[in-house]
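Reviewing the structure listed below.
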Amino acid sequence: MKTIRFLPHFLVILLVACTPKPEAPSETESQTDTSPPVVESKIKKGFLKPKHIGDPVVGKPWISDLTIADLDQDGLKDVIICDGKANEVRWIRQTALNVYEEQAIGDPVQGPAHVEVCDFEDDGDLDLLVASMGVIFPNNEKIGAVVIMEQTEPGIWVNHIVLDKVARVTDVRAADFNGDGLKDLAVAQFGYVQGEARWMKNLGNFEFESEILTNLSGAIHSPIADLNGDGHLDITILVSQEWEEIHLYEGDGTRFRKKVIYGSTNEDYGSSGISLYDVDRDTDLDILFTNGDAFDYARPGPRPWHGVQWLENKGRGFFEFHRLGDFPGAYSPVACDIDGDADMDILAVSGFNHWENPSAVSLICYENMGNERFLPRTLAHHPTHLIVLKAADMDDDGQIELVTGSFHAYPPFDHEFARITLWDTQ
Amino acid sequence: MRRCYYLTKILSVLLLVGFGSNCSKSSKINVEALNFSKINLEALSPTVAKAWTDYYSILSSDRNLESLALTAQFLHANDLYIQASTAYEELIIQQPENEKWHYLLARIRQDYGDTSGTLKHLQSVLQIDPSNAFAHLRIADVLYKTGVIEEALKHYKQASEAPLTSAHALLGIARIQIDENKLDQAIDSLEKAIKINPNLSTAHSLLASTYESTGDLSSAEKALSRAQTTGRFLEPEDPWLDELNQHCFDLYKLQVTADKYFLAGYPEKAIQILKHSLSVAPDDAQTMRDLAFAYFEMNQDEEGIPLVRKSISIEPTNPDGYTALITVLSEKKLWKEANQVVQDALKSIPNNVDIFQSAGIVYEGLKDYPNAELQYLKALRVDPDDQRSNLLIGKFYFSQEKPKTALPYLEKSRALKVTDSESRMILAKYYLSIADLRKAEPVVEELQAVTPTPADFEQEVMFFFFVQRGNQALTAQNTSEAERNYIQALKIDKTHIGARTNLIKCYLDSGRSKKAVETTRLGLEIAKKRSDIKAEEYFANLLRQLET
């Protein structure tokens with residue numbers, strides 16, 4: 001009797017040990033499991049050296065998004081940020097190697113939630129796409145807008161509001177969906193009670209025609225890529241709120257067909273970030289996503305299911321779910337080869353952790369130990385309240401640096417506040 | 001002492017859940033093999049750690065299925081999901097025919113977003129009880145979210161036949177109908193769902209969007225206004241999940257659960273959870289405040305006030321208790337009592353924006369205006385960019401008839417918060433009163449976009465706005481522009497003599513005497529209907545003059 005009772009456990013252990021990609025949920029990481037990973041890590045303690053860049057910290061900064069690009073095309077990468085407190089898009093320009101200076105660009109944008117760099121007009125200089133929420137915190141007013149900041153002359157950007165008085169806009173990306181040579185837009189609108197996602201056909205001269213993709217509230221991101229491999233661009237929409245779904249809008253060059261490719265039935269899942277990378281380097285793009293949002297709780301805090309996962313692209317619009325691990329308050333997933341071993345590691349930051357506990361993690365790496373077997377490595381405990389992370393070789397030394405943004409909108413407020421942190425690899 | 005309390009609590013839970021009917025009592029549990037001793041007590045909150053010691057001690061001594069079942073639910077309820085999964089798996093081995101353990105394990109998989117794991121365990125539930133409506137609903141949701149639509153629809157239909165799950169199942173059916181562009185059917189499903197569960201916020205918002213898609217904007221608007229009052233989405237009442245709350249000793253989790261119930265329109269349930277929380281930690285000031293705030297929201301101030309007072313005595317440096325208490329007392333116009341709280345607060349927390357703001361309000365209530373001004377200025381000194389501080393001092397100066405002093409603060413409040421209707425209302429009224437249309441126009445436009453503005457106020461402001469614009473056009477001898485604006489103003493207030501007289505003047509100036517007479521006659525009729533003697537006399541005289 002006893003043998004039979006424990007046989008299934010033995011089988012489970014055996015199966016787990018033989019499976020190259022552990023089935024979700026990963027049961028190796030939790031707040032109560034402190035056993036050290038068996039395999040030696042290439043990520044050594046203290047290999048990231050954080051330093052503040054940009055304007056000094058004043059008050060409690062709200063950095064809602066950032067991106068990395070050589071905006072003035074001078075050969076040095078810059079950081080462009082959305083400052084939710086100042087209601088501005090700001091440019092932290094690398095004026096000389098490792099020397100950063102910050103300035104506002106364009107006219108103010110209310111509740112900037114996302115900034116994207118692209119040569120929108122194909123005229124050789126870089127413009128900015130900005131998602132404006134109107135206000136960052138919950139609101140059902142139609143106060144959202146899409147702003148294109150056109151670089152009219154070197155270092156001068158002029159705002160074009162191409163969509164306004166709509167449900168709060170959280171993301172805008174550009175690509176030529178219909179092959180007419182003009183960049184169209186994919187727009188996510190969180191709204192609140194009501195929201196939507198749309199694509200906007202470019203008619204030229206900053207005029208657009210909108211087509212609604214979904215009427216659901218809570219759309220937070222709208223990355224673009226040909227995910228089903230049919231040669232046409234698709235739009236991926238991450239829908240949070242109580243829906244907690246990933247929609248793939250499969251494009252055929254003229255219109256889009258909706259397909260729900262993943263969804264959690266936990267209405268409190270807290271979808272918080274999505275990005276597209278070829279995680280397993282099989283030449284198609286996979287979907288990396290985090291769930292760690294807790295903005296709608298009276299006292300925002302972590303939940304046990306918060307974590308990082310990826311959807312492996314199996315081709316033709318089919319995906320397989322893999323949980324990487326628990327990570328309280330997980331946000332902003334990024335894949336990059338942080339340890340230089342020629343495979344993709346996964347990094348994420350935490351917006352909502354047990355900050356009163358000094359061991360709460362704010363920056364984590366899921367180190368790829370080979371064949372997409374990932375093990376968690378703590379990279380940092382400070383700064384806290386991080387909701388955005390980007391990776392790039394900022395100083396052209398062949399190693400990847402990280403840049404994070406802090407969002408100190410909720411307690412505890414007894415920590416040292418940070419704003420923009422550059423993490424240099426040693 | 002506390003240990004005894006927890007043991008009593010556990011035993012009461014045991015009686016409450018009526019455990020035993022479905023249990024095999026023969027086998028002894030190999031507790032050591034379950035590896036619970038690996039739980040890191042330091043990583044747990046103090047209340048959970050203490051309770052765990054008791055649960056584990058019962059399990060270790062009894063080693064039976066009853067105590068394992070309690071332990072499993074404790075682990076689940078307190079977010080120790082990995083250990084809870086192990087316990088449920090053991091219970092499933094011991095009691096494979098008890099659907100509850102399959103169901104609860106499915107819920108853990110679901111929380112992690114593991115759709116295949118969720119499906120597997122829910123299918124086991126249906127094998128045991130094919131009529132389990134919760135399992136049908138959950139399976140349907142998972143299938144919908146993984147694109148298996150036809151199968152999802154079958155399960156939604158099954159779930160729609162059970163009272164507890166029917167509203168949510170109809171919501172799922174409506175989503176499929178929307179995807180298939182069967183909008184009329186979707187509207188029907190959503191209306192039915194709302195009839196069953198009027199608190200189902202998502203059904204209201206989806207209904208609004210669906211009506212919008214059909215072009216029925218008036219129904220969309222009604223649905224949206226209902227959606228805005230229903231709060232947040234909540235899954236259907238689930239007896240097994242409810243039972244877990246009894247095993248929860250995590251104060252933060254209990255607070256989140258209570259908050260969810262509150263926002264979803266179930267305040268009594270929220271209070272029940274918070275009471276349980278307070279029984280877990282009778283001296284926890286935060287829990288006292290949470291419960292007090294819930295009572296205040298329910299207008300049960302007499303229950304809330306002693307709690308918040310006690311929280312202040314335990315945590316005298318936390319501003320939340322003071323500000324809540326001051327607000328409640330101020331609303332009752334108990335200014336002296338409120339002032340006593342203000343004085344205590346200022347002593348304990350000498351430099352807090354919220355306390356200064358509350359103090360200012362109380363001094364205003366006491367008509368001690370110099371002190372009120374001083375407190376508002378102190379709040380601004382701490383944080384010049386605090387929107388509420390700017391609004392409060394702006395309103396204060398306005399009430400003191402110092403509009404020029406008030407304006408910069410109100411303008412700052414307007415700039416700091418795009419949805420601040422209060423500052424915009426005062427500014428709009430003021431700019432219109434001094435006939436500064438250039439400044440009034442953008443404020444009025446913003447005000448129209450902000451829905452919390454009271455409808456009657458918006459009407460009043462809009463009326464003056466059109467009248468002022470009409471007057472300005474009349475002065476500039478732009479009769480047609482003036483006429484357009486007076487007509488708009490009269491749509492809001494048909495009986496206004498000045499606006500109607502000026503409209504009549506526009507008609508006369510442009511040589512349309514017939515129209516002038518008609519308008520005067522209309523004014524006279526409206527005045528008679530409303531028994532407005534003054535207006536009746538005025539229009540009767542005017543009509544006589546025009547006719548002669």
Side-chain angles (χ1 to χ4, degrees), chain A residues 1-2 4-6 8-9 12 23-25 27 30-35 59 85 110-111 134-135 139-143 165 193-194 196 212 215-217 241-245 258-269 291 294 296-299 301 303-305 307 309 321 323 326 357, chain B residues 27 30 33 38-40 43-44 79-83 85 89-90 93-94 108-118 138 141-142 144-147 178-179 201-202 204-206 208-210 212-213 224 227-228 232-235 252 255-256 259-260 263 290 383 385 417-419 449-451:
Chain A
M1 184 65 184
K2 210 167 186 176
I4 294 166
R5 272 182 57 198
F6 287 97
H9 287 289
V12 169
E23 281 302 302
E27 300 200 346
S30 85
Q31 58 180 338
T32 53
D33 189 349
T34 52
S35 53
K85 264 274 173 72
Q110 293 295 323
V135 287
N139 195 297
N140 196 47
E141 302 296 336
K142 304 225 167 180
I143 47 177
K165 293 179 183 152
V193 176
Q194 276 190 306
E196 56 198 8
I212 302 300
N215 282 321
L216 296 184
S217 58
Q241 289 279 66
E242 61 269 24
W243 310 108
E244 308 295 349
E245 290 169 359
K258 175 186 165 185
K259 186 174 179 183
V260 182
I261 54 170
Y262 172 77
S264 166
T265 47
N266 173 0
E267 91 263 5
D268 247 359
Y269 197 54
N291 61 310
D296 62 339
Y297 300 142
R299 282 204 297 277
R303 305 314 311 272
W305 49 79
Q309 43 268 310
F321 174 87
R323 174 94 169 174
D326 303 347
N357 180 350
Chain B
S27 49
N30 184 347
K38 278 182 77 179
I39 289 178
N40 178 7
L44 305 177
D79 292 349
L80 293 157
Y81 277 12
I82 292 165
Q83 293 80 0
S85 300
E89 277 159 13
E90 181 62 25
I93 292 166
Q94 297 290 332
I108 289 182
R109 297 284 182 244
Q110 172 193 296
D111 280 356
Y112 276 122
D114 168 17
T115 47
S116 58
T118 309
R138 296 282 159 212
D141 282 340
V142 171
Y144 175 79
K145 284 168 189 276
T146 44
I178 290 168
D179 289 345
S201 59
T202 311
H204 289 287
S205 58
L206 215 50
S209 307
T210 313
E212 268 175 22
S213 304
L224 183 61
Q228 282 167 335
R232 72 170 283 164
F233 175 81
L234 199 67
E235 59 182 275
Y252 176 69
Q255 192 270 328
V256 169
D259 192 40
K260 277 167 65 174
L263 293 173
D290 290 338
D383 185 357
D385 293 333
K417 191 175 172 189
V418 288
T419 53
V450 181
T451 40

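Order of the sequence lines sets the chain letters (A, B, ...), proteins ahead of strands, with each chain counted from 1. FYI, side chains are in, hydrogens and waters are out, and symmetry mates aren't considered; it's all heavy atoms of this structure.
- Between the CG atom of A:Leu216 and the CD1 atom of B:Ile178 there is a distance of 8.0 Å, given to the nearest 0.5 Å.
- Between chain A and the options B:Thr146, B:Thr202, B:Thr118, heavy-atom pairs under 4.5 Å are most frequent for B:Thr202.
- Side chains of B:Tyr112 and A:Asp326 form a contact here, defined as non-hydrogen atoms less than 4.5 Å apart.
- Of the two parts of A:Ile261, only the backbone, made up of N, CA, C and O, holds a non-hydrogen atom closer than 4.5 Å to a non-hydrogen atom of chain B.
- Contacts between B:Asp383 and chain A at a heavy-atom distance below 4.5 Å are absent for every atom of the residue.
- For B:Asp259, the part lying under 4.5 angstrom from a heavy atom of chain A is the side chain only.
- Expressed to the nearest 0.5 Å, how far CD of A:Gln194 lies from CG of B:Leu206 amounts to 9.5 Å.
- Contact detail for A:Ser264 and B:Gly113: the closest heavy-atom pair is OG-CA, 3.9 Å.
- Residues B:Glu212 and A:Asn215 are not in side-chain contact: their nearest non-hydrogen atoms beyond the backbone lie 4.5 Å or more apart.
- Salt-bridge check for A:Lys85 with B:Asp385: failed, with every basic side-chain N at 4.0 Å or more from each acidic carboxylate O.
- Using a 4.5 Å cut-off between heavy atoms, B:Leu224 touches chain A through its side chain atoms alone.
- Using a 4.5 Å cut-off between heavy atoms, B:Glu235 contacts chain A through both its backbone and its side chain.
- From B:Asp79, atom CG reaches atom CH2 of A:Trp305 across 6.5 Å, with rounding to the nearest 0.5 Å.
- Only the side chain of A:Lys258 comes within less than 4.5 Å of a heavy atom in chain B; its backbone stays farther off.
- Here CD of A:Gln241 is found 8.5 Å from OG of B:Ser205. Values are rounded to the nearest 0.5 Å.
- Here the shortest heavy-atom pairing between A:Glu267 and B:Leu234 reads OE2-CA, 4.4 Å.
- A salt bridge is absent between B:Asp114 and A:Arg323; no separation between the charged side-chain nitrogens and carboxylate oxygens falls under 4.0 Å.
- For B:Tyr252, there are no ring pair (Phe, Tyr, Trp, His ring centres under 6.0 Å) partners, not counting sequence neighbours.
- The parts of B:Val142 that come within reach of chain A are both its backbone and its side chain, each placing non-hydrogen atoms under 4.5 angstrom from that chain.
- With chain B as the partner, the residue from A:Gly307, A:Ser217, A:Gly263, A:Gly134 showing the most heavy-atom pairs under 4.5 Å is A:Gly263.
- In terms of modelled atom types and a separation under 3.5 Å, the side chain of A:Tyr269 and the main chain of B:Asp111 share no donor-acceptor contact.
- Contacts between B:Lys417 and chain A at a heavy-atom distance below 4.5 Å are absent for every atom of the residue.
- The backbone N or O of B:Thr115 lies less than 3.5 Å from no partner atom in the side chain of A:Tyr262, so there is not a single donor-acceptor pair.
- For B:Thr210, no part lies near chain A; criterion is any non-hydrogen pair under 4.5 Å.
- Side chain of B:Lys145 to main chain of A:Trp243: a donor-acceptor pair is present (N/O by atom type, distance under 3.5 Å, no hydrogens or angles).
- To the nearest 0.5 Å, atoms OG1 (A:Thr265) and OH (B:Tyr144) are separated by 13.5 Å.
- Interatomic distance, A:Asn266 CG to B:Arg109 CZ, rounded to the nearest 0.5 Å: 14.0 Å.
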